[in-house]
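Before any comments, here is the structure.
Since the model is a prediction, treat every value here as computed from it, not as a measurement.
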Amino acid sequence: MIREPAEIKIDEHGRVELPLGLLAEAGLAPESSVVAFSQGDGRIMLRRAEDAMRDLIENGRLA
């Protein structure tokens, strides 16, 4: 099940808090490692660290 998008505020320290349901849908649990990168077009991507590393090794880029 895909949830409705959630508007999330960036706090004064530049932090965001993601809803647990959103994390669960993405296959992430609290304390999971992720890689964050900018697409350069207003999007910030979060990838499971193991998936991101696999993409870098196999394709030479973060997909």
Side-chain angles (χ1 to χ4, degrees):
M1 161 166 86
I2 301 298
R3 298 183 194 281
E4 291 294 316
E7 184 173 345
I8 301 166
K9 299 279 185 184
I10 301 169
D11 76 10
E12 65 274 5
H13 301 289
R15 296 179 297 212
V16 296
E17 192 172 297
L18 301 175
L20 285 174
L22 185 65
L23 294 173
E25 286 181 29
L28 297 167
E31 304 296 319
S32 293
S33 292
V34 296
V35 173
F37 56 98
S38 171
Q39 292 288 74
D41 60 357
R43 290 186 289 170
I44 295 173
M45 306 293 292
L46 295 177
R47 297 280 317 273
R48 288 184 297 246
E50 61 268 18
D51 294 343
M53 293 304 120
R54 185 186 65 244
D55 284 350
L56 280 173
I57 291 167
E58 292 177 358
N59 306 319
R61 63 184 174 85
L62 292 169

**Transitive ILVMFWY side-chain link Val16 to Leu20, under 4.5 Å** = yes
**Message:** Contact between Ser32 and Leu23 at the side-chain level, heavy atoms closer than 4.5 Å - yes or no?
**Reply:** no
**Message:** Could you check whether any side-chain N or O of Arg48 sits under 3.5 Å from a backbone N or O of Ala26, counting only pairs where one atom can act as donor and the other as acceptor?
**Reply:** yes
**Request:** Give a yes or no on whether Leu46 and Val35 share a hydrophobic cluster (residues Ile, Leu, Val, Met, Phe, Trp, Tyr; joining criterion: side-chain heavy atoms under 4.5 Å apart).
**Result:** no
**Asked** Are side-chain heavy atoms of Asp11 and Glu17 found at a separation under 4.5 Å?
**Response** no
**Prompt:** Could you walk me through whether Asp55 and Arg47 pass the side-chain contact (heavy atoms from CB on, under 4.5 Å) check?
**Reply:** CA-CA 10 Å; Asp55 284 350; Arg47 297 280 317 273; 2.7 Å; yes
**Atom CD of Glu31: over 12 foreign heavy atoms under 6.0 Å** = no
**Request:** Give the cluster check for Leu22 versus Val34: same hydrophobic cluster or not, with ILVMFWY residues linked at side-chain heavy-atom distances below 4.5 Å.
**Result:** yes
**Request:** Kindly indicate whether the side chain of Ile8, heavy atoms from C-beta on, has any atom under 4.5 Å from the side chain of Leu18.
**Result:** yes
**Asked** Between Leu56 and Ile44, is there a shared hydrophobic cluster once you connect ILVMFWY residues whose side-chain heavy atoms come closer than 4.5 Å?
**Response** no
